[in-house]
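Read the numbers this way: they start at 1 and go in the same order the structure lists the ligands and their atoms. The model shown is predicted, which means the values in this text are computed figures rather than measured ones.
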Amino acid sequence: MAIKVHGPMMSPAVMRVVATLKEKDLDFELVPVNMQAGDHKKEPFISLNPFGQVPAFEDGDLKLFESRAITQYIAHTYADKGNQLLPNDPKKMAIMSVWMEVEAQKFDPIGSKLGFEIVIKPMLGMVTDDAVVAENEEKLGKLLDVYESRLKESKYLGGESFTLADLHHAPSLHYLSGSKVKSLFDARPHVSAWVADILARPAWSKTIELSKH
Ligand SMILES: N[C@@H](CCC(=O)N[C@@H](CS)C(=O)NCC(=O)O)C(=O)O
């Protein structure tokens, strides 16, 4: 099989890539990486990603890392397959890029910290730091106020169609929706509808299904 995704399905960054492949209805092979054993810091994985983080990605002789670069490669290369994830118009493309940056630079640092404290730490038997949770809940609330204003104007972040800007949020939205942070989404009707829409996509359900095996 030409396309390979290396990494465990519980990783949000791996999920982001798998969700994109599912949106595009592409076949791929999921290659397990034993992170508990530290295999992501050793050869052969380190030759695929010198930073020792999952996911790594192969499509024939092309090798990539960084989940958001991988999703963009997939969306451009397989533009005519599955669901369209990119706007055609350059101005719409620029607006989508703005919101992809917002996700990577503003949403993800907060979402990752909250996910680690509220979801991952309890799973690993570690103690949640309530001060970190409180600080990041406050930050997320303020950020979601901006999202609420944006989503009052258009159904999705990039405009009226679902794009990579929305998809990139899906793993954090999934994990945080199963936590007390969901109340921050529920308090904002447009954000709440957007979260529900993203998590109800068939490609996302298939991604979650795969993560259960
Ligand atoms: N910016 C990277 C982040 C990748 C990342 O943080 N991967 C985590 C799992 S979700 C990882 O490999 N953590 C182990 C480590 O950093 O040593 C991407 O989007 O691909």
Side-chain angles (χ1 to χ4, degrees), residues 3-24 26 28-59 62-77 85-86 96-126 128-129 132 136 140 143 157-158 163-179 181 198-199 203-204 207-208 210-213:
I3 298 181
K4 290 184 185 175
V5 180
H6 301 253
M9 275 303 297
M10 73 173 295
S11 148
V14 172
M15 288 173 125
R16 188 175 289 121
V17 169
V18 167
T20 309
L21 290 165
K22 292 288 181 191
E23 288 284 352
K24 289 283 158 196
L26 292 166
F28 63 96
E29 182 187 344
L30 200 52
V31 184
V33 176
N34 186 344
M35 294 180 78
Q36 270 92 0
D39 287 355
H40 55 308
K41 303 292 180 194
K42 301 178 203 154
E43 290 295 358
F45 186 84
I46 210 81
S47 287
L48 291 169
N49 182 354
F51 297 105
Q53 289 189 315
V54 295
F57 175 89
E58 294 179 84
D59 187 1
L62 178 72
K63 297 180 197 325
L64 299 173
F65 53 90
E66 286 297 339
S67 61
R68 295 166 184 84
I70 298 167
T71 64
Q72 290 178 71
Y73 163 77
I74 297 166
H76 282 286
T77 306
L85 300 173
L86 303 166
M96 180 194 73
S97 297
V98 167
W99 288 98
M100 290 202 302
E101 286 298 317
V102 172
E103 185 277 327
Q105 309 295 340
K106 300 189 193 296
F107 181 89
D108 188 60
I110 300 170
S112 296
K113 278 196 200 94
L114 284 170
F116 181 63
E117 292 296 336
I118 302 175
V119 184
I120 306 290
K121 275 189 166 180
M123 252 161 51
L124 300 177
M126 294 163 75
T128 296
D129 185 331
V132 174
N136 283 284
L140 184 61
L143 183 63
L157 292 173
T163 66
L164 284 184
D166 308 292
L167 184 149
H168 285 182
H169 290 77
S172 285
L173 297 181
H174 164 72
Y175 280 121
L176 296 179
S177 287
S179 80
V181 171
I198 290 176
L199 299 183
W204 186 253
T207 304
I208 296 302
L210 202 55
S211 72
K212 290 181 186 157
H213 300 299

Identity and distance of the protein heavy atom lying nearest atom 1 (N) of ligand 1: E66 OE1, 2.6 Å

Identity and separation of the nearest protein heavy atom to atom 11 (C) of ligand 1: M35 CE, 3.8 Å

Distance flag, aromatic centroids of H169 and F107, threshold under 6.0 Å: yes

E103 and R68 ion-paired at < 4.0 Å: yes

Sub-4.0 Å atoms of ligand 1 with respect to non-hydrogen atoms of H40: 14 (C), 17 (O)

Closest approach of any protein heavy atom to atom 10 (S) of ligand 1, naming residue and atom: S11 OG, 3.0 Å

Nearest protein heavy atom with distance in Å, relative to atom 17 (O) of ligand 1: K41 NZ, 2.7 Å

Shortest protein contact, atom 16 (O) of ligand 1 (heavy atom only): Q53 NE2, 2.8 Å

Ion pair R16/E66, N-O distance below 4.0 Å: no

P55: numbered ligand 1 atoms lying under 4.0 Å from its heavy atoms: 20 (O)

Side-chain (D166) to main-chain (L157) donor-acceptor, under 3.5 angstrom: yes

Atom 8 (C) of ligand 1: the protein heavy-atom neighbour that sits closest, reported with distance to 0.1 Å: V54 O, 4.0 Å

E43 and S47 side chains, donor-acceptor separation under 3.5 Å: yes

Check: D59 side chain, L62 main-chain N or O, donor-acceptor pair, under 3.5 Å: no

Nearest non-hydrogen protein atom, atom 20 (O) of ligand 1: S67 N, 2.8 Å

Numbering as shown, the atoms of ligand 1 that approach R68 to under 4.0 Å (heavy-atom distance): 19 (O)

Side-chain donor/acceptor of K63 to backbone N/O of N49, under 3.5 Å: no

